[in-house]
Amino acid sequence: MGERVEYRDDQRVKQIGRIQEVQGKGKAARYSVLNEQTQKLDQCSEQDIERELER
């Protein structure tokens with residue numbers, strides 16, 4: 001947790017945020033990501049995470 005990532009939100013738009021919580025494992029994992037721009041939590045799946053960014 002705490003990794004800074006680039007991910008796609010519900011509208012499939014690329015966003016940047018930090019992982020706050022992970023539920024499950026592998027392809028079934030669900031992530032709560034704190035969006036850097038909106039300061040809101042987004043829910044996404046493993047496939048929505050594009051890449052890990054440097055801190």
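Everything numeric here is computed off the predicted structure, so don't read it as measured data.
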Can you list the residues that meet the side chain to side chain donor-acceptor pair (under 3.5 Å) rule with Q11, with sequence neighbours excluded?
none
Should V5 and L53 count as side-chain neighbours, where that means a heavy-atom distance under 4.5 Å?
no
Could you check whether any side-chain heavy atom of Q20 comes within less than 4.5 Å of a side-chain heavy atom of V33, counting everything from C-beta outward?
no
I49 side chain near C44 side chain, heavy-atom distance below 4.5 Å
yes
Rounded distance [0.5 Å steps], CD in E6 versus CG in D48:
12.0 Å
Using side-chain heavy atoms (C-beta onward) and a distance below 4.5 Å, is R8 in contact with V13?
no
Under 3.5 Å: donor-acceptor pair, side chain of E3, backbone of M1
yes
Show me the pairs that pass salt bridge (charged side-chain N to carboxylate O under 4.0 Å, His left out) and involve residues 27-40, at least two apart or across chains.
R4-E36
Go through the structure and list residues passing side chain to side chain donor-acceptor pair (under 3.5 Å) with E46, not counting sequence neighbours.
Y31
Sequence neighbours excluded, which residues qualify as side chain to side chain donor-acceptor pair (under 3.5 Å) partners of E52?
none
Flag the pair I19 / S32 as yes when at least one side-chain heavy-atom distance between them is below 4.5 Å, and no otherwise.
no
Qualifying residues under side chain to side chain contact (heavy atoms under 4.5 Å, CB included), relative to Q37, sequence neighbours excluded:
Q15, N35
Using the test side chain to side chain donor-acceptor pair (under 3.5 Å), find all partners of R18 that sit at least two apart in sequence or belong to another chain.
none
